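Just below is one structure, and these are the notes that go with it.
In this text the structure is predicted, and so the values were computed from the model without any measurement.
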Amino acid sequence: SEIFGAVTLGGGSDTVGLDPSVIFGDLILGGGDNTLTLDDSRVTGDVTAGGGDDKVYMTFSGGPYSRIGGNLVLGDGFNLVEMDLAYIGGNLTGGSGNDDLDMVDSTITGDVDLGAGTNIITLDDSSISGLVAGGGDDTLDLVNDSSIGGNVGSALAKVEAISGGSAGAT
């Protein structure tokens, strides 16, 4: 299915599942504990969520890669982003709170800034073209030819492991 134009949801805990579908525009989830699942689907613009514990799953089930054409902006709270054969064409930003980013065979072409909190960033055969920053006790794990093209911010407390990957200056 296809939706032409922006989709805006109000406050509250929303669940959006696209399988396979396209939103030609932005997706605004609003505040609350939101869950977004893109299964072989895409949003051509930005995806934005307000404060709350948000989960974003970008999966591949044999169709086109799941894609967010613009930025993924998550608010304050515990945010979980899992990408499997997926693509974000802009920046990934998380608010204060503990955030997890888990990437497998995926790409983010912009910067990643998960904000304050204890953040865990894991890349497996994946790449981030820009810089990686955080403001808490963060862990970065790069495995299997993963790479970060920009600098790794000094706010990242520890680089857990670099196994077959590469990172810019720290």
For Thr109 and Gly89, the nearest pair of non-hydrogen atoms, with its separation, is OG1-O, 2.6 Å
Rounded to the nearest 0.5 Å, the CG atom of Leu92 sits from the CE atom of Met83 at a distance of 8.0 Å
With sequence neighbours left out, the residues meeting side-chain hydrogen bond (donor to acceptor under 3.5 Å, both in side chains) with Thr35 are none
Closest non-hydrogen atoms of Ile128 and Val112, given as atom of the first, atom of the second and distance, are CD1-CG2, 3.7 Å
* Is it true that a side-chain atom of Ser106 and a backbone atom of Leu85 form a donor plus acceptor pair closer than 3.5 Å? -> yes
Asp26 meets the side-chain hydrogen bond (donor to acceptor under 3.5 Å, both in side chains) criterion, sequence neighbours left out, with none
Step-by-step side chain to side chain contact (heavy atoms under 4.5 Å, CB included) determination, Ile108 to Met103: CA-CA 9 Å; Ile108 297 175; Met103 298 173 60; 3.8 Å; yes
When every non-hydrogen atom of Asn79 is compared with those of Gly95, the smallest separation belongs to ND2-N, 4.1 Å
message: Quick one, Ser96 with Asp76, criterion side-chain hydrogen bond (donor to acceptor under 3.5 Å, both in side chains). Give me CA distance, side-chain angles, the key distance, then yes/no.
response: CA-CA 5 Å; Ser96 64; Asp76 293 345; 3.3 Å; yes
* Going through the distances and angles, do Leu114 and Ile121 end up as a side chain to side chain contact (heavy atoms under 4.5 Å, CB included)? -> CA-CA 9 Å; Leu114 296 181; Ile121 303 168; 3.6 Å; yes
Self-check item: Hphob cluster co-occupancy, Val22 + Leu36, side-chain heavy atoms under 4.5 angstrom
Solution: no
OG1 of Thr93 to CG of Leu72, rounded to nearest 0.5 Å, is 8.0 Å
Report the C-alpha distance between Asn119 and Leu101 in whole Å, list the side-chain angles of each, state the deciding distance to 0.1 Å, and finish with yes or no for side chain to side chain contact (heavy atoms under 4.5 Å, CB included).
CA-CA 8 Å; Asn119 305 306; Leu101 170 61; over 6 Å; no
Interatomic distance, OG1@Thr122 vs CG@Asp100, rounded to 0.5 Å, equals 7.5 Å
Distance col, row Asn151:CG vs Leu131:CG, nearest 0.5 angstrom, shows 7.0 Å
When rounded to the nearest 0.5 Å, the distance separating OG1 of Thr118 from CG of Asp138 is 7.0 Å
### Task
Go through the steps to decide whether Asp125 and Asn144 satisfy the test side-chain hydrogen bond (donor to acceptor under 3.5 Å, both in side chains), and finish with yes or no.
CA-CA 5 Å; Asp125 275 328; Asn144 296 328; 4.7 Å; no
Next on the checklist: With side-chain hydrogen bond (donor to acceptor under 3.5 Å, both in side chains) as the criterion, how do Asp39 and Ser61 come out once you've worked through the C-alpha distance, each side chain's angles and the decisive distance to 0.1 Å?
Outcome noted: CA-CA 7 Å; Asp39 187 12; Ser61 297; 2.7 Å; yes
Note: Ile68 and Gly45 closest approach over all heavy atoms is CG2-O, 3.5 Å
Rounding to 0.5 Å, atoms CG (Leu9) and CG (Asp14) come to a distance of 4.5 Å
### Shared hydrophobic cluster, Tyr57 / Phe78 (ILVMFWY, side-chain heavy atoms < 4.5 Å)
yes
- Item | Check against side-chain hydrogen bond (donor to acceptor under 3.5 Å, both in side chains), Ser146 and Ser126 | CA-CA 5 Å; Ser146 293; Ser126 297; 5.0 Å; no
*So, the side chain of Thr44 versus the backbone of Gly25: is there a donor-acceptor pair under 3.5 Å, distance only?*
yes
- Transitively linked via ILVMFWY side-chain contacts under 4.5 Å: Ile23 with Phe60? no
In Leu74, Val47, Asp54, the residue satisfying side chain to side chain contact (heavy atoms under 4.5 Å, CB included) with Asn34 is Asp54
Looking only at heavy atoms, the pair that brings Ser41 and Ser21 closest together is OG-N, 2.9 Å
Quiz item: Mind checking whether Leu142 and Val104 sit in one hydrophobic cluster, side chains of I, L, V, M, F, W, Y counted as touching below 4.5 Å?
Solution: no
| message | Check whether Ser66 reaches the backbone of Asp40 with its side chain - one donor and one acceptor, N or O, closer than 3.5 Å. | response | yes
* Asked: Are the side chain of Asp113 and the backbone N or O of Gly115 linked by a donor-acceptor pair below 3.5 Å?
  -> yes
Margin query: If hydrophobic clusters are built from ILVMFWY residues whose side chains come within less than 4.5 Å, do Leu38 and Val16 share one?
Written below: yes
- [ ] Show your reasoning for whether side chain to side chain contact (heavy atoms under 4.5 Å, CB included) applies to Val81 and Lys55.
- [x] CA-CA 6 Å; Val81 179; Lys55 297 176 179 78; over 6 Å; no
task = For the residue pair Phe4 and Phe24, categorise the inter-ring angle as parallel (less than 30°), tilted (30 to 60°) or perpendicular (more than 60°).
result = parallel
For Tyr87, the ring pair (Phe, Tyr, Trp, His ring centres under 6.0 Å) test, sequence neighbours excluded, returns none
Inset, instruction - Please confirm whether the backbone N or O of Thr59 pairs with a side-chain atom of Asp84, one donor and one acceptor, at under 3.5 Å? - result: no
